[in-house]
Amino acid sequence: MSEENKKYERPTWDDYFMGLAHSVSKRATCDRGRAGCVIVKDKQILVTGYVGSPRGLPHCDDVGHLMKKVVHEDGTISQHCVRTVHAEQNAITQAARRGIALEGSTIYVRMTPCRTCAMLIINCGIERVVCEKKYHAGKESEEMFKQAGIQLDYISEDLLEYPDQ
């Protein structure tokens with residue numbers, strides 16, 4: 001079948017909102033994880049967020065990363081850039097600044113949220129988390145979502161890892 005005779009396939013809602021999260025991520029200011037997210041309710045966008053430094057502070061893209069080492073219980077060590085606020089955190093704080101309730105909403109993210117983001121997602125009432133991929137250190141968040149009764153869906157089972165992790 002030729003390209004011009006192909007029937008147009010409308011994206012699913014999950015594919016549509018994940019595509020928007022990718023567009024939002026283009027505003028991110030940390031090249032280690034150009035992540036963006038979209039929070040929706042009843043198929044309507046409530047708020048977006050992307051990885052970036054707190055207001056008025058320098059960005060990784062301008063001054064470099066602020067790396068911290070974390071020693072885990074099993075003895076492994078990972079490195080994290082702590083200069084930026086995660087996309088999920090930025091979206092949740094933007095909702096708070098604008099008086100937007102997130103109760104009963106769905107969040108679309110690049111990967112399994114970190115532990116801190118997972119706790120914020122749980123406490124603000126988000127009911128469903130849709131991730132493009134799995135985060136290599138996402139097991140604890142997965143367990144917290146399960147215990148809290150939050151639906152967690154993956155578009156892909158692929159694992160996302162950062163360089164020099």
Side-chain angles (χ1 to χ4, degrees), residues 14 17-40 45-102 105-126 128-145 147-148 150 152-165:
D14 284 350
F17 289 122
M18 192 60 73
L20 292 175
H22 277 277
S23 290
V24 171
S25 73
K26 293 176 183 178
R27 290 283 306 154
T29 61
C30 180
D31 66 359
R32 283 192 92 232
R34 295 211 191 274
C37 76
V38 176
I39 302 177
V40 305
I45 298 168
L46 299 177
V47 68
T48 65
Y50 54 85
V51 173
S53 296
R55 292 172 184 263
L57 298 183
H59 296 290
C60 294
D61 288 351
D62 298 330
V63 298
H65 301 288
L66 180 58
M67 301 300 291
K68 299 285 182 178
K69 288 184 181 182
V70 176
V71 179
H72 303 276
E73 290 177 0
D74 65 0
T76 59
I77 299 173
S78 61
Q79 294 192 84
H80 300 271
C81 178
V82 297
R83 184 176 304 285
T84 60
V85 179
H86 292 183
E88 301 92 326
Q89 295 165 357
N90 269 326
I92 290 167
T93 57
Q94 286 303 313
R97 287 176 61 95
R98 305 278 183 251
I100 300 169
L102 301 179
S105 63
T106 297
I107 187 169
Y108 291 85
V109 295
R110 181 176 181 210
M111 67 188 123
T112 316
C114 73
R115 184 181 198 285
T116 300
C117 288
M119 291 187 294
L120 291 171
I121 288 167
I122 291 166
N123 275 3
C124 73
I126 292 173
R128 181 174 179 236
V129 178
V130 180
C131 308
E132 181 179 26
K133 296 180 180 179
K134 290 189 171 219
Y135 177 45
H136 70 92
K139 294 275 188 235
E140 189 174 12
S141 296
E142 289 175 352
E143 183 58 34
M144 287 183 357
F145 288 142
Q147 289 176 13
I150 303 226
L152 177 61
D153 296 315
Y154 289 98
I155 303 287
S156 166
E157 292 290 322
D158 291 345
L159 194 65
L160 185 65
E161 297 189 63
Y162 288 114
D164 301 323
Q165 190 60 43

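Heavy atoms only, all atoms of each residue included: Cys37 and Ile107 are closest at SG-CD1, 4.1 Å. In terms of heavy atoms, Asn90 sits closest to Gly49 at CB-CA, 4.3 Å. Met144 and Arg115 make their closest contact through CE-O, 3.6 Å (heavy atoms, listed as atom of the first residue, atom of the second, distance). Cys131 and Leu152 make their closest contact through SG-CD1, 3.7 Å (heavy atoms, listed as atom of the first residue, atom of the second, distance). Of all heavy-atom pairs spanning Gln79 and Arg32, the tightest one is O-NH1, 3.8 Å. A pairwise comparison of heavy atoms in Asp158 and Lys133 identifies O-CB, 3.4 Å as the closest pair.
Using a 4.5 Å heavy-atom threshold, the side chains of Arg83 and Val63 count as touching. Using a 4.5 Å heavy-atom cutoff, the side chains of Leu120 and Glu88 are not in contact. A heavy-atom distance below 4.5 Å is not found between the side chains of Lys139 and Thr112. Contact of the Phe145 side chain with the Val129 side chain is registered, since non-hydrogen atoms from C-beta on lie closer than 4.5 Å. Residues Ile39 and Gln94 fail the side-chain proximity criterion, which asks for heavy atoms closer than 4.5 Å.
With hydrogens and angles ignored, the 3.5 Å screen pairs a side-chain donor or acceptor of Ser141 with a backbone N or O of Cys114. Here the side chain of Arg34 pairs a donor or acceptor atom with the backbone of Ala28 at under 3.5 angstrom.
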Output, in order, the C-alpha distance, side-chain angles, deciding distance and verdict of side chain to side chain contact (heavy atoms under 4.5 Å, CB included) for Val70 and His80. CA-CA 8 Å; Val70 176; His80 300 271; 3.5 Å; yes
Between Gln89 and Cys117, does the side chain to side chain contact (heavy atoms under 4.5 Å, CB included) criterion hold? Intermediate values first, please. CA-CA 6 Å; Gln89 295 165 357; Cys117 288; 3.5 Å; yes
Assess the residue pair Tyr154 and Met111 against the criterion (side chain to side chain contact (heavy atoms under 4.5 Å, CB included)); give the C-alpha distance rounded to whole Å, side-chain angles, the decisive distance to 0.1 Å, and a yes or no. CA-CA 8 Å; Tyr154 289 98; Met111 67 188 123; over 6 Å; no
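The line from CD1 of Ile121 to OG1 of Thr116 is 10.5 Å long, rounded to the nearest 0.5 Å. To the nearest 0.5 Å, atom OG1 of residue Thr84 and atom CG of residue Asp61 are 10.0 Å apart. Between Asp14 atom CG and Thr106 atom OG1 the span is 8.0 Å, to the nearest 0.5 Å.
The closest side-chain donor-acceptor pair between Thr29 and Tyr50, if any, does not fall under 3.5 angstrom. Side chains of Glu132 and His22: a donor-acceptor N/O pair is present below 3.5 angstrom, by distance only.
Residue Arg27 places its CZ atom among 12 or fewer non-hydrogen atoms of other residues, nucleotides or ligands, all under 6.0 Å distant.
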